[in-house]
Amino acid sequence: MSELTACQKLDIIRHKGRPTALDYIPMIFDEFFEMHGDRLYGDDNAIMGGVASFKGTPVTVIAEVKGRNLAENQKCNFGMPHPEGYRKALRLAKQAEKFHRPVICLVDTAGAFCGIEAEKRGQGEAIAKNIMEFMTLKTPVISIILGEGGSGGALALAVCDRLAMLENSIYSVISPRGFASILWKDASREREACDIMKITADDLKALGVCDSIISEADGGAHNDPQQTAENISDYISQTLEDLQRKFQKGLDEMINQRYNKFRVVGEFEEPSAF
């Protein structure tokens, strides 16, 4: 268990030097070929996706992108995807399913963009459809929380067979700032909210939400991005081997296990019919 508090971890993941998907993809994958657009509206720079090679195995990589400086953050909307980003992700996931490529999702967002234009283009429907389709996707799916895993914006890429978190990352149904805004009508209390929400990797591993915790370099991933990337690579390698065996043994069993991972089966009685 980490000795750092949740709000201390929040400081680490917001460190300006913390690696993003833009850093990790070239360190972990080879021959990454990026694909663009959702074939409906346009391209969204907050989600990057494409085909790559992982130690000789073809995979599809889908990543939420945060910028490393102001220009990059403006380009990727500060890591907050629009509906077309989620539709692009689903298009690539369906392509991966067709060619039996495993899907690797790198999650890092404070939440989906909640502007008027995003709502007009069906933000809620896009996220809900991703959750539904990923639940029965006929290929192995691994999701890794790199930093912030906020709300449905993160869950849209986190319905998976194995969920891992970097040791200083957080994952929650709402951001600490949003939590404080709703509960106390005071967004400035986000650090207080962070410490009571049970959203760290340690918390979620204990609750059974997170399957594995990936170690970072001492003091945070920004102190040694290469070492952290190697740790992520080792996790993917071990997990992918296990999931590929399950995939070959029986697709239906793998999908049922994924479905049951997100539903409590048999704990509650079925509601009576009217």
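Values below: every heavy atom of this structure, side chains too, minus hydrogens, waters and symmetry copies. Along the sequence shown, residues carry numbers from 1.
Using a 4.5 Å heavy-atom threshold, the side chains of M48 and I62 count as separate. Contact of the I142 side chain with the V103 side chain is not registered, since no non-hydrogen atoms from C-beta on lie closer than 4.5 Å. Contact annotation: the side chain of M27 approaches that of P225 to within less than 4.5 Å [non-hydrogen atoms, C-beta and beyond]. L146 is listed as a side-chain neighbour of I232, based on a closest heavy-atom distance under 4.5 Å. By the 4.5 Å heavy-atom criterion applied to side chains, I131 and L155 are counted as neighbours. Between F29 and I104 the shortest side-chain heavy-atom distance falls below 4.5 Å. When side chains are defined from C-beta on, F247 counts as touching H100, because their heavy atoms get closer than 4.5 Å. Two residues are said to be in side-chain contact when any heavy atoms from C-beta on lie closer than 4.5 Å; F113 and Q123 meet this criterion.
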Q: Show the numbers, then the answer: is there a salt bridge (Lys or Arg N to Asp or Glu O under 4.0 Å) between E84 and R87?
A: CA-CA 5 Å; E84 50 270 25; R87 290 175 180 135; 5.4 Å; no
Q: Take E190 and R14, measure what salt bridge (Lys or Arg N to Asp or Glu O under 4.0 Å) needs, and give me the verdict at the end.
A: CA-CA 13 Å; E190 70 168 333; R14 289 181 176 174; 3.1 Å; yes
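Taking all atoms of both residues into account, the shortest heavy-atom contact from M254 to P140 is CE-N, 3.9 Å. Summarising the geometry of P176 relative to A193, their closest heavy-atom pair is O-CB, 3.7 Å, with the distance given to 0.1 Å. The nearest pair of heavy atoms linking D44 to K88 is O-NZ, 3.0 Å. Nearest heavy-atom pair across A201 and L166 is CB-O, 3.8 Å. Shown here for C76 and V65, the closest heavy-atom pair between the two residues is SG-O, 3.4 Å. Between I145 and I170, the closest heavy-atom pair is CG2-O, 3.6 Å.
Electrostatic pairing of D211 and R162 does not count as a salt bridge here, judged by no charged N lying under 4.0 Å from a carboxylate O.
Listed by chain and residue number, nothing satisfies the salt bridge (charged side-chain N to carboxylate O under 4.0 Å, His left out) test with D224 (two or more places apart in sequence, or in another chain). Partners of E241 according to the salt bridge (charged side-chain N to carboxylate O under 4.0 Å, His left out) rule, which considers only residues two or more places apart in sequence or in another chain, are R245.
Crowding of N69 atom CG: a count of heavy atoms from other residues, nucleotides or ligands under 6.0 Å exceeding 12. The number of heavy atoms from other shown groups lying within 6.0 Å of CG (L207) is above 12. By the neighbour-count criterion of 12 heavy atoms within 6.0 Å, atom NZ of K75 is sparsely surrounded, having that number or fewer from other residues, nucleotides or ligands. Annotation for E253: atom CD does not count as buried by contact number, only 12 or fewer foreign heavy atoms lying within 6.0 Å.
Exactly one of R68, R18, K66 qualifies for a salt bridge (Lys or Arg N to Asp or Glu O under 4.0 Å) with D23. That residue is R68.
In summary, the side chains of T200 and D202 do not present any donor paired with an acceptor at a separation below 3.5 Å, with no hydrogens or angles considered. No hydrogens or angles considered: nothing links the side chains of D242 and Q238 as a donor-acceptor pair under 3.5 Å.
Here the side chain of K205 pairs no donor or acceptor atom with the backbone of I213 at under 3.5 angstrom. Using a distance-only test at 3.5 Å, with no hydrogens or angles considered, no donor-acceptor pair links the side chain of D108 to the main chain of E64. Between the side chain of R258 and the main chain of L137, a donor-acceptor pair closer than 3.5 Å is present. A donor-acceptor pair under 3.5 Å is formed between the side chain of S151 and the backbone N or O of V173. Side-chain atoms of T239 never come within 3.5 Å of backbone atoms of I236 as a donor-acceptor pair (strictly under, hydrogens ignored). Remark: side-chain polar atoms of N77 are not paired, donor with acceptor, to backbone N or O of G79 under 3.5 angstrom.
To the nearest 0.5 Å, atoms CZ (F262) and SG (C160) are separated by 5.0 Å. Note that CD1 of I127 is 14.0 Å distant from CE of M132, once rounded to the nearest 0.5 Å. To the nearest 0.5 Å, atom NE2 of residue H15 and atom CG of residue N168 are 12.0 Å apart.
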Donor-acceptor contacts, no H, no angles, side chain residues 90-99, under 3.5 Å, sequence neighbours left out:
| residue | atom | partner | partner atom | Å |
| --- | --- | --- | --- | --- |
| R91 | NE | G37 | O | 3.1 |
| R91 | NH2 | H36 | O | 2.9 |
| R91 | NH2 | G37 | O | 3.1 |
| K94 | NZ | E133 | OE1 | 3.0 |
| Q95 | OE1 | R101 | NH2 | 2.7 |
| E97 | OE2 | K138 | N | 2.7 |

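Y41 carries R121 over the face of its six-membered ring, with the cationic atom under 6.0 Å from the centre and within 45° of the normal.
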